[in-house]
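For reference, the structure is listed below as structure tokens.
Below, each value reflects all heavy atoms present in this structure, side chains not excepted, and no hydrogens, waters or symmetry copies. All ligand and atom numbering here is 1-based and tracks the order in the structure.
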Amino acid sequence: MKKIITTVVGIGFLVGAASADVASDQKAFIDHFKSIQPNVEFADYTNGVYAYDAGSRDQFEEILDGIPPYEDAVEKGGLEFVKFGFNKCDALKDPAAARVKHPYFDEATQKVVTLEGVMKACYLKQTGKKLGSKKGKIARMSAWISDQAAGEKVNVKVDTAGAQAAYDEGKAFFYGKRGQFNMSCADCHVYYAGKKARADILSPALGHTTHVPMYRAKWGGMGTLQRRYGGCLKNMRAKPISAQSETMNNLEYFHQAMSNDLEITADRYRK
Ligand code: HEC
């Protein structure tokens with residue numbers, strides 16, 4: 001980690017943080033990743049770090065070929081989806097469509113709406129109780145919902161002034177330096193993707209949102225995308241930010257848009 005931290009100092013912006021549309025931002029992303037890993041196909045970016053590291057790829061494939069450790073949890077999520085009446089909430093009635101539609105920018109509230117956000121609202125309506133944002137039920141059910149859309153493509157739309165503003169905020173967060181180490185998400189997951197930080201190889205941000213929620217061996221369970229944001233913020237020694245806050249939702253909006261046209265996958269294992 002220390003080596004990364006000292007070497008990123010002085011690196012200029014290869015991929016800019018100024019306002020631009022999704023297509024040109026994503027093109028800059030793809031061109032950058034192509035320049036550092038010319039042999040990795042676009043479609044392979046759903047596999048995160050395993051697209052970049054042959055050694056851990058073998059291990060990953062062995063896990064997928066066996067009984068992946070998340071299988072029971074996802075199945076349980078499907079039962080919970082019905083048990084808690086999610087099939088009665090309009091926004092979730094068609095789970096595959098819900099996965100593809102979110103996150104989107106809602107003109108009425110001028111806010112980004114995430115899949116987990118509508119799940120929390122639905123749970124409250126159906127049970128009168130609050131649902132967490134990071135692990136347990138919400139991660140299991142969200143993974144099951146995403147499984148229904150496996151093979152479809154991420155398709156985040158940014159097509160109004162309000163949407164663009166939320167996207168720009170998420171993007172500024174992604175490129176902004178923060179925490180005791182004065183690092184940005186982009187430092188590790190764009191400029192240093194493929195390089196080592198301690199025992200980990202850093203994954204490219206392209207494709208980061210195709211297999212969420214993910215199972216992590218380190219967690220011994222499932223977690224939402226925003227649970228992962230929390231972990232990375234902590235590693236950056238940055239101020240914690242609540243999951244499903246406007247800041248995290250805008251970050252997710254930008255981050256998911258950068259995975260547009262990649263397949264949503266049910267292969268949700270990560271180390
Ligand atoms: C100091 C380096 C570092 C910084 C800065 C950092 N991360 Fe990470 N991140 C990691 C490491 C290490 C992992 C685990 C290996 C991997 O998949 O890259 C990881 C994993 C992830 C994953 C899971 C990837 C997958 O394929 O499942 C996501 C998503 C993520 N980071 C998002 C972020 C976001 C968003 C930020 C900024 C708030 C951020 N990270 C900042 C080091 C970093």
query: Just checking, is any N or O donor in the side chain of Glu263 or Thr46 under 3.5 Å from an acceptor N or O on the other one?
result: no
May I ask whether [X] has any heavy atom positioned less than 4.0 angstrom from an atom of ligand 1?
| X | result |
| --- | --- |
| Gly179 | no |
| Asn235 | no |
| Ile201 | yes |

message: For the CG atom on Asp72, are there more than 12 heavy atoms of other groups (residues, nucleotides or ligands in this structure) within a distance under 6.0 Å?
response: no
message: Within the supplied structure, the quantity of interest is the number of heavy atoms (other residues, nucleotides, ligands) at a distance under 6.0 Å from Lys120 NZ; does it exceed 12?
response: yes
Ligand-side contact atoms (ligand 1) for residue partner [X], heavy atom cut-off under 4.0 Å:
| X | answer |
| --- | --- |
| Met214 | 27 (O) |
| Leu202 | 10 (C), 11 (C), 12 (C), 18 (O), 42 (C) |
| Ser184 | 5 (C) |
| Ser203 | 16 (C), 17 (O), 18 (O), 24 (C) |

Should [X] be counted as touching ligand 1, given the test is an N or O pair under 3.5 Å?
| X | answer |
| --- | --- |
| His211 | yes |
| Arg270 | yes |
| Tyr229 | no |

task: Could you confirm whether Cys185 has any N/O/S atom lying under 2.8 Å from atom 8 (Fe) of ligand 1?
output: no
- prompt: Does the SG-to-SG distance between Cys232 and Cys188 fall under 2.5 Å?
  reply: no
- prompt: With respect to Phe174, which candidate in Tyr167, Tyr229, Phe254, Tyr253 satisfies the ring pair (Phe, Tyr, Trp, His ring centres under 6.0 Å) definition?
  reply: Phe254
- prompt: Applying the ring pair (Phe, Tyr, Trp, His ring centres under 6.0 Å) test to His189, which of His32, His255, His208 qualifies?
  reply: His208
query: Centre of Phe173's six-membered ring, under 6.0 Å away, within 45 degrees of the axis: is that where NZ or CZ of Arg178 sits?
result: yes
- prompt: So, is the end of the Arg270 side chain (NZ or CZ) under 6.0 Å from the ring centre of Phe60 and within 45° of the ring's axis?
  reply: yes
message: Please determine whether a side-chain nitrogen of the Lys or Arg among Lys218 and Asp200 lies less than 4.0 Å from a carboxylate oxygen of the Asp or Glu.
response: no
task: Please calculate the SG(Cys232)-atom 8 (Fe) of ligand 1-NE2(His189) angle and round it to 10 degrees.
output: 180°
query: Hey, looking at atom 20 (C) of ligand 1, which of Lys234, Glu252, Arg228 has the closest heavy atom?
result: Arg228
- request: Could you tell me whether Asp200 approaches ligand 1 through its side chain, its backbone, both or neither, with non-hydrogen atoms closer than 4.0 Å?
  value: side chain
